[in-house]
Amino acid sequence: MTSRRVIVHIGAQKTGSTSLHRFLSRNRDALASRIDVRVPVKGSLTREVGRTATLYSMQPARHKDSLVALIQQLKADLVGGETVCIVSHENIAGAMMGRGDVRELFPCVQEIIHLFNTHLAPIVPEYVLYTREMASWKRSVHNQAVKSDGYVGTLETFLKETTDSRDWQDVRQSLEASVGAQRVRVFAVEDETTPERPGRQLLRFAGMTDAEIDALEPLAGRSNQSLNSGALEFMRQLNELALEQPARKKLAELIKDNQSLFADGVTPPREA
């Protein structure tokens with residue numbers, strides 16, 4: 001048996017996860033004696049776990065074995081450690097609305113957490129979910145879905161498609177049904193009081209004091225910002241062309257890095 005404390009931060013997307021990962025990585029050495037940081041850097045096991053959890057949420061039967069194998073690999077890495085460990089990936093809860101056919105709010109999160117609970121044993125993880133005011137969150141999710149996932153609908157269309165989706169309380173109840181209320185924490189991103197030191201509520205939950213958090217090196221600048229309205233509309237219409245992924249990825253990077261070129265109302269040329 002292991003008594004090591006493991007906290008799995010499961011998302012959600014568009015609640016500051018990218019900034020959190022940058023902040024934790026920036027302060028990895030300062031945190032090392034207290035917290036073992038596992039964030040989705042390139043080539044990391046955490047990155048593969050999050051990616052596969054997303055795929056599982058869309059095609060469970062096809063990706064279950066892969067996700068289980070990765071969770072078991074994660075357990076092997078964690079057993080024997082003594083410091084508190086934070087495993088953080090915004091996609092552990094599953095695919096974001098707007099990706100593929102997903103229009104529900106994390107419909108497979110209970111099943112995903114059941115797999116973590118089962119295959120991390122004897123480790124008994126705790127789970128943290130960050131939320132955001134739903135209307136604002138959906139606008140941001142639509143922007144991200146257009147930018148990253150090839151979504152072709154307007155914001156109006158997206159809101160209609162997700163009108164009947166469940167809310168954060170429903171997701172919380174799914175988590176608690178899976179592992180018990182005592183092992184679930186839900187924090188609102190609006191309650192994060194220091195944007196330059198994101199994840200304060202998570203770090204407090206991990207046992208750090210405000211003074212210790214304030215001593216960490218702050219971030220400069222924001223991460224993964226939304227496209228402006230002109231660039232977003234340009235990208236949305238490009239998505240309708242169903243370009244091959246390599247070409248689309250290059251164009252998306254160009255648009256993201258040159259948003260000043262796109263004023264409101266600018267649209268790409270239509271085919272005759």
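When a residue number appears, it is its place in the shown sequence, counting from 1.
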Does the [X] side chain pair with the main chain of [Y], one donor and one acceptor, at a distance under 3.5 Å?
{"X": "Gln13", "Y": "Gly94", "result": "yes"}
{"X": "His63", "Y": "Asp65", "result": "no"}
{"X": "Asn143", "Y": "Leu232", "result": "no"}
{"X": "His114", "Y": "Gln110", "result": "no"}
{"X": "Asp149", "Y": "Gly98", "result": "no"}
{"X": "Gln259", "Y": "Asn228", "result": "yes"}
{"X": "Ser165", "Y": "Thr162", "result": "yes"}
{"X": "Asn27", "Y": "Ala30", "result": "no"}
{"X": "Tyr56", "Y": "Val68", "result": "no"}
{"X": "Thr15", "Y": "Ala12", "result": "yes"}

Report yes if the side chains of [X] and [Y] come closer than 4.5 Å at any heavy-atom pair, otherwise no.
{"X": "Ile112", "Y": "Ile10", "answer": "no"}
{"X": "Leu105", "Y": "Asp170", "answer": "no"}
{"X": "Met235", "Y": "Arg248", "answer": "yes"}
{"X": "Asp36", "Y": "Arg4", "answer": "yes"}
{"X": "Gln201", "Y": "Arg185", "answer": "no"}
{"X": "Glu133", "Y": "Glu190", "answer": "yes"}
{"X": "Glu233", "Y": "Phe262", "answer": "no"}
{"X": "Ser174", "Y": "Arg166", "answer": "yes"}

Item checked: Evaluation steps, side chain to side chain contact (heavy atoms under 4.5 Å, CB included), between Arg172 and Leu129 -> CA-CA 8 Å; Arg172 180 173 195 155; Leu129 174 73; 5.8 Å; no

Notebook entry, point to check: What class does the angle between the rings of Phe116 and Tyr127 fall in, given that below 30° is parallel, 30 to 60° is tilted and above 60° is perpendicular?
Noted result: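 Phe116 and Tyr127: perpendicular rings.
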
Margin query: Parallel, tilted or perpendicular: which one describes the rings of His142 and Tyr151, with boundaries at 30° and 60°?
Written below: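 Perpendicular.
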
Checklist line | Joint hydrophobic cluster, Val102 plus Leu55, side-chain heavy atoms closer than 4.5 Å | finding: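 Same cluster.
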
Margin query: Are Phe158 and Val152 connected into the same hydrophobic cluster when the rule is that any two of I, L, V, M, F, W, Y join if their side-chain heavy atoms are below 4.5 Å apart?
Written below: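 Each belongs to a different hydrophobic cluster.
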
Note to self: Assess the residue pair Trp137 and Thr131 against the criterion (side chain to side chain contact (heavy atoms under 4.5 Å, CB included)); give the C-alpha distance rounded to whole Å, side-chain angles, the decisive distance to 0.1 Å, and a yes or no.
What the structure shows: CA-CA 8 Å; Trp137 185 76; Thr131 67; over 6 Å; no

Closest approach of [X] and [Y], non-hydrogen atoms and distance?
{"X": "Glu104", "Y": "Asp164", "value": "OE1-O, 4.4 Å"}
{"X": "Met97", "Y": "Val141", "value": "O-CG1, 3.2 Å"}
{"X": "Leu175", "Y": "Val109", "value": "CD2-CG2, 3.6 Å"}
{"X": "Val128", "Y": "Leu202", "value": "CG2-CD1, 3.9 Å"}
{"X": "Lys14", "Y": "Glu90", "value": "N-OE1, 4.2 Å"}
{"X": "Thr83", "Y": "Ser33", "value": "CG2-O, 3.7 Å"}

Are there over 12 heavy-atom neighbours, none belonging to [X], within less than 6.0 Å of that residue's [atom1]?
{"X": "Lys64", "atom1": "NZ", "answer": "no"}
{"X": "Glu244", "atom1": "CD", "answer": "no"}
{"X": "Glu82", "atom1": "CD", "answer": "no"}
{"X": "Asp101", "atom1": "CG", "answer": "no"}

Checklist line | Ion pair Glu48/Arg51, N-O distance below 4.0 Å | finding: yes

Margin query: Assess whether a salt bridge exists between Glu240 and Arg236, defined as any Lys/Arg side-chain N lying under 4.0 Å from an Asp/Glu carboxylate O.
Written below: yes

Check: Checking side chain to side chain contact (heavy atoms under 4.5 Å, CB included) for the pair Leu70/Gln73: CA distance, chi angles, key distance, verdict?
Finding: CA-CA 5 Å; Leu70 288 167; Gln73 186 179 342; 4.1 Å; yes

Margin query: So, applying side-chain contact (heavy atoms from CB on, under 4.5 Å) with Pro125, which one of Val87, Val8, Leu78, Ile7 is it?
Written below: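 Of the listed options, the one satisfying the test is Val8.
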
Margin query: Going by side-chain contact (heavy atoms from CB on, under 4.5 Å), Val39 matches just one of His89, Arg47, Arg28. Which one?
Written below: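 Testing Val39 for a side-chain contact (heavy atoms from CB on, under 4.5 Å) against His89, Arg47, Arg28 leaves exactly one candidate, Arg28.
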
Please round to the nearest 0.5 Å and tell me the distance separating atom [atom1] of [X] and atom [atom2] of [Y].
{"X": "Arg139", "Y": "Ser226", "atom1": "CZ", "atom2": "OG", "result": "10.0 Å"}
{"X": "Ile71", "Y": "Ser66", "atom1": "CD1", "atom2": "OG", "result": "11.0 Å"}
{"X": "Asn258", "Y": "Glu253", "atom1": "CG", "atom2": "CD", "result": "10.5 Å"}
{"X": "Glu176", "Y": "Gln182", "atom1": "CD", "atom2": "CD", "result": "9.0 Å"}
{"X": "Lys147", "Y": "Asn239", "atom1": "NZ", "atom2": "CG", "result": "12.5 Å"}
{"X": "Ile86", "Y": "Arg5", "atom1": "CD1", "atom2": "CZ", "result": "8.5 Å"}

Donor-acceptor contacts, no H, no angles, side chain residues 203-217, under 3.5 Å, sequence neighbours left out:
from, atom 1, to, atom 2, distance (Å)
Arg204, NE, Asp210, OD1, 2.9
Arg204, NH2, Asp210, OD1, 3.1
Arg204, NH2, Asp210, OD2, 3.2
Thr209, OG1, Glu212, N, 3.1
Thr209, OG1, Glu212, OE1, 3.4
Asp210, OD1, Arg200, NH1, 2.9
Glu212, OE1, Arg34, NH1, 3.0
Glu212, OE1, Thr209, N, 2.9
Glu212, OE2, Arg34, NH1, 2.7
Asp214, OD1, Arg200, NH1, 3.4
Asp214, OD1, Arg200, NH2, 2.5
Glu217, OE2, Arg26, NE, 3.2
Glu217, OE2, Arg26, NH2, 3.1

Next item on the list: State whether a side-chain donor-acceptor pair under 3.5 Å links Ser57 with Thr54.
Entry: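 There is no such pair between these side chains.
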
Note to self: Working note: Leu20 + Ser88, criterion side chain to side chain contact (heavy atoms under 4.5 Å, CB included); need CA distance, chi angles, decisive distance, verdict.
What the structure shows: CA-CA 9 Å; Leu20 170 66; Ser88 176; 3.9 Å; yes

